[in-house]
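Read the structure below first, then the notes.
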Amino acid sequence: MPRRTAHPAILAALALLGCWPADPAEATPEPGAPESAAPETVIPAPVDLARVNGMDRDAFVSTFGGIFEHSPWVAERAWAARPFANRDALHAAMVVVARTASAPEILALLNAHPELAGPEARARQMTTASVSEQGSAGLDRMSPAEFDRFDRLNAAYRARFGFPFIIAVRGRGRAEILREFERRLADTPDAEREAALDAVAAITRMRLERRVAPSP
């Protein structure tokens, strides 16, 4: 089976940026070889809570609109809960907005997430945060057989639940992710909707911790 790679011109550009090996053959490590860590995405310096609480709506949405994947409306609605006592309170306000949204909005929120190692991931057509997160688990550096396994699981999961499989991948290995993927395929739709929202909460907590400085 041919190796899945991006267009040669894209690979060359990524290699110059240090985001992709110059030789596509290096993208998949040799069996038994240790995996190299994915390059960390450069992110803005964390902002302090006093500054957050002083933001107008537009500044708040501009700063935090990307915390929930392609869903700036979460930040827009959470702004009204200012002032936040601490970073946890800010995150809790955003999670409440997401969980109390209408059913169509929640479905759209879940569908805003890319599939794990899916077409968007392989083309790197994802948000900066998602590229970093999937890369941290090595989901951009797999063999063709591994990509095919994720493709089959992604298709089965979406057919059963109507949205992509969502899990906080940072800090997890591929084997653990695959075990959880297969386990959750047996969930009921209601249980899996809650599991997906729990995963969104975990993902966004980690993202917010990288954007807001901890309170003194």
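Residues V131 and M206 are members of separate hydrophobic clusters, defined by side-chain heavy-atom contacts under 4.5 angstrom among Ile, Leu, Val, Met, Phe, Trp and Tyr.
Rounding to the nearest 0.5 Å gives a distance of 13.5 Å between CG of L178 and CZ of R183. Note that the CE atom of M55 and the OG atom of S62 stand 8.0 Å from one another [nearest 0.5 Å]. Between atom CD1 of residue I166 and atom CG of residue L197 there is a gap of 8.0 Å, rounded to the nearest 0.5 Å. Separation of atoms CZ (F163) and CD1 (I106) is listed at 10.5 Å; rounding is to 0.5 Å. Between the CZ atom of R205 and the CZ atom of R210 there is a distance of 15.0 Å, given to the nearest 0.5 Å.
Between N154 and R158 there is no side-chain heavy-atom pair separated by less than 4.5 Å. Between R211 and F64 there is a side-chain heavy-atom pair separated by less than 4.5 Å. The side-chain heavy atoms of P114 and E69, taken from C-beta on, include a pair separated by under 4.5 Å. Considering only heavy atoms from C-beta on, Q134 stays 4.5 Å or farther from D140 through its side chain. Taking 4.5 Å as the limit, some side-chain heavy atom of S132 sits within range of a side-chain heavy atom of R170. L208 has its side chain out of reach of T204: every pair of non-hydrogen atoms, C-beta onward, lies at least 4.5 Å apart. Side-chain contact between V61 and P72 is present, with at least one heavy-atom pair separated by less than 4.5 Å. Using a 4.5 Å heavy-atom cutoff, the side chains of L110 and F161 are not in contact.
Atom CG of D190 is surrounded by 12 or fewer heavy atoms from other residues, nucleotides or ligands within 6.0 Å. Summarising the local packing, CZ of R51 is surrounded by 12 or fewer heavy atoms from other residues, nucleotides or ligands at distances under 6.0 Å.
The heavy-atom pair separating A213 from R87 by the smallest distance is C-NH1, 4.0 Å. Among all heavy-atom pairs drawn from R174 and G138, the shortest one is NH1-O, 2.9 Å. In plain terms, the two heavy atoms of A137 and I177 that are nearest each other are CB-CD1, 3.8 Å. The two atoms that bring L109 and A98 nearest to each other are CD2-CB, 3.8 Å, heavy atoms only. Of all non-hydrogen atoms in L90 and V52, the two that sit nearest each other are CD2-CG1, 4.3 Å.
The pair D198-R99 counts as a salt bridge, with a side-chain nitrogen and a carboxylate oxygen less than 4.0 angstrom apart. Between R141 and E146 there is no salt bridge, since no side-chain N of the basic residue sits under 4.0 Å from a carboxylate O of the acidic one. Salt-bridge check for R160 with D187: failed, with every basic side-chain N at 4.0 Å or more from each acidic carboxylate O.
Although no hydrogens or angles enter the test, the distance criterion places no donor-acceptor pair under 3.5 Å between the side chain of S71 and the main chain of V74. The closest donor-acceptor contact from the side chain of T100 to the backbone of V96 lies under 3.5 Å. A donor-acceptor pair is defined here as one N or O able to donate and one able to accept, closer than 3.5 Å; no such pair exists between the side chain of E182 and the backbone of R179. Proximity of a side-chain donor or acceptor of N53 to a complementary backbone N or O of A85 within less than 3.5 Å is not detected. The backbone N or O of I67 lies less than 3.5 Å from a partner atom in the side chain of R207, making a donor-acceptor pair. Using a distance-only test at 3.5 Å, with no hydrogens or angles considered, no donor-acceptor pair links the side chain of W79 to the main chain of D58.
Between F165 and Y157, the ring planes are perpendicular. Angles over 60° get that label, and only those under 30° would be called parallel. Ring geometry for F68 versus H91: interplanar angle under 30°, hence parallel rather than tilted (30 to 60°). Note on ring orientation: taking the six-membered ring where Trp is involved, the planes of F84 and F60 are parallel (angle under 30°, cut-offs 30° and 60°).
Every salt bridge (Lys or Arg N to Asp or Glu O under 4.0 Å) that R172 has, sequence neighbours left out, goes to E176. Looking at residues two or more places apart in sequence or on another chain, you find no side chain to side chain donor-acceptor pair (under 3.5 Å) involving E76. Here R184 pairs with E192 under the side chain to side chain donor-acceptor pair (under 3.5 Å) rule; sequence neighbours left out.
Remark: the S136 side chain and the E133 side chain contain no N/O donor-acceptor pair separated by less than 3.5 Å.
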